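Worksheet: one structure, shown below.
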Amino acid sequence: MAEQQATGMDAFTRRYIAILAGAVLVGLLWWLLSGDSRVSELNAGLADDATISAYPYPFRVLSLENGVARVSSPRSAQMSAIQGLRILFPELVNASAISPEMMAAQEQLAAVQSRVGTVVGEHPDVARVQWVLDETWLARHGVYVQ
C-alpha cells in the first residue's frame, strides 16, 4: 500500500503502462526500419529542384521496388489533364480546353512532369518511372475517379 501511495499507481497499472510503452517502441522501430530511405532521397531531390518545387502540384515518389519508381501525378489516361489543371490553376475554371491559357498550362504540366521523370530516373536504383494518378489529391479537391 505504501508503494502505491508513493507512485500513485498500483502494480497492474505500472505493468500495463510498461507493456504499452514497449508496444509503442516496437511499432516505432518497425516503422523506421521498414521505410525506404531511397524514396525519401528521391523526394528530397524533387523538393530541391526549383522548377519542380515551384509547381503547384506536389509530385512525389510513392515507392521504389525492383527498379520501378511509382510517382504521383495529377493526370493519367483515367482522367483528363484539363480537370487537374483547373484545380491547379483556378483561373482556368471557365477556360476552354483549346484556349491559349489552357494550352500553355498543359505544356507547363508536361514540361514539369518530364522534369520529374528525369530527376527520378537519374537515381541509380531507378530503371523506370511509373506514373500513378493521385486519387487522394483529386478527392481532396472534390474530384472522384471511378
Side-chain angles (χ1 to χ4, degrees), residues 7-146:
T7 63
M9 294 183 277
D10 61 15
F12 173 80
T13 304
R14 284 193 310 274
R15 275 188 243 121
Y16 178 78
I17 290 173
I19 291 169
L20 187 61
V24 168
L25 182 62
V26 167
L28 180 63
L29 286 172
W30 176 81
W31 179 75
L32 289 172
L33 294 175
S34 67
D36 191 340
S37 63
R38 298 172 307 165
V39 170
S40 297
E41 182 182 327
L42 287 164
N43 283 325
L46 294 177
D48 290 343
D49 186 283
T51 301
I52 296 168
S53 62
Y55 195 73
Y57 175 77
F59 288 97
R60 67 191 184 290
V61 177
L62 305 172
S63 66
L64 176 58
E65 296 175 15
N66 301 320
V68 179
R70 296 179 72 241
V71 183
S72 67
S73 174
R75 69 177 185 172
S76 77
Q78 296 170 283
M79 193 196 84
S80 159
I82 304 299
Q83 283 183 287
L85 290 170
R86 287 185 173 141
I87 294 168
L88 291 168
F89 303 103
E91 65 274 14
L92 297 177
V93 168
N94 296 316
S96 161
I98 58 172
S99 70
E101 298 83 13
M102 188 63 79
M103 296 300 232
Q106 286 186 62
E107 289 174 14
Q108 182 186 18
L109 172 57
V112 173
Q113 188 163 333
S114 176
R115 176 83 186 131
V116 169
T118 299
V119 169
V120 171
E122 288 174 347
H123 191 280
D125 292 338
V126 175
R128 183 171 67 91
V129 172
Q130 178 183 16
W131 298 101
V132 179
L133 181 63
D134 194 341
E135 294 182 26
T136 303
W137 177 81
L138 290 166
R140 273 188 267 133
H141 291 91
V143 177
Y144 299 93
V145 181
Q146 298 277 339

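Only a predicted model underlies this, so the values are computations on that prediction, with no experimental measurement involved.
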Inset, instruction - Check the surroundings of atom CG in D48: do more than 12 heavy atoms from other residues, nucleotides or ligands lie under 6.0 Å from it? - result: yes
Inset, instruction - Write down the atom of S53, the atom of A47, and the distance for their closest heavy-atom approach. - result: CB-O, 3.4 Å
Legend entry - Pairs touching residues 104-118 that satisfy salt bridge (charged side-chain N to carboxylate O under 4.0 Å, His left out), sequence neighbours left out: D49-R115
Inset, instruction - To the nearest 0.5 angstrom, please state how far the CG atom of L62 sits from the CG atom of L42. - result: 11.0 Å
Inset, instruction - For residues 57-88, pull every pair meeting ring pair (Phe, Tyr, Trp, His ring centres under 6.0 Å), keeping only residues two or more places apart or in separate chains. - result: Y57-F59, Y57-W137
Going by atom type alone, with no hydrogens or angles, which donor-acceptor pairs under 3.5 Å involve a side-chain atom of residues 117-132 and a protein atom two or more places apart or on another chain?
residue, atom, partner, partner atom, Å
T118, OG1, S114, O, 3.1
H123, ND1, D125, N, 3.0
H123, NE2, E41, OE2, 3.2

Inset, instruction - For L85 and A105, work out which heavy atoms get closest and say how close. - result: CD2-O, 3.7 Å
Legend entry - Rounded distance [0.5 Å steps], CD in Q113 versus OG in S72: 9.0 Å
Inset, instruction - Enumerate the residue pairs fulfilling salt bridge (charged side-chain N to carboxylate O under 4.0 Å, His left out) with a member in residues 50-62, sequence neighbours excluded, ordered by first and then second residue. - result: R60-D134
Inset, instruction - State, to 0.1 Å, how close P74 and L109 come at their nearest heavy-atom pair, and which atoms those are. - result: CG-CD1, 4.0 Å
Inset, instruction - Could you check if a side-chain atom of R75 sits within less than 4.5 angstrom of a side-chain atom of I82, using non-hydrogen atoms only? - result: no
Inset, instruction - Can you sort out the partners of R70 under salt bridge (charged side-chain N to carboxylate O under 4.0 Å, His left out), two or more places apart, ordered by chain and number? - result: none
Counting only pairs under 3.5 Å, give me each side-chain donor-acceptor contact of residues 88-102, with atom names and distances, residues two or more places apart or in other chains.
residue, atom, partner, partner atom, Å
S96, OG, I98, N, 3.1
S99, OG, S96, O, 3.0
S99, OG, E101, OE1, 3.4
S99, OG, M102, N, 3.2

Legend entry - Pairing residues for I17 by the side chain to side chain contact (heavy atoms under 4.5 Å, CB included) criterion, not counting sequence neighbours: M9, T13
Inset, instruction - Name all pairs fulfilling the side-chain hydrogen bond (donor to acceptor under 3.5 Å, both in side chains) condition that reach into residues 79-90, sequence neighbours left out, sorted by first residue then second. - result: none
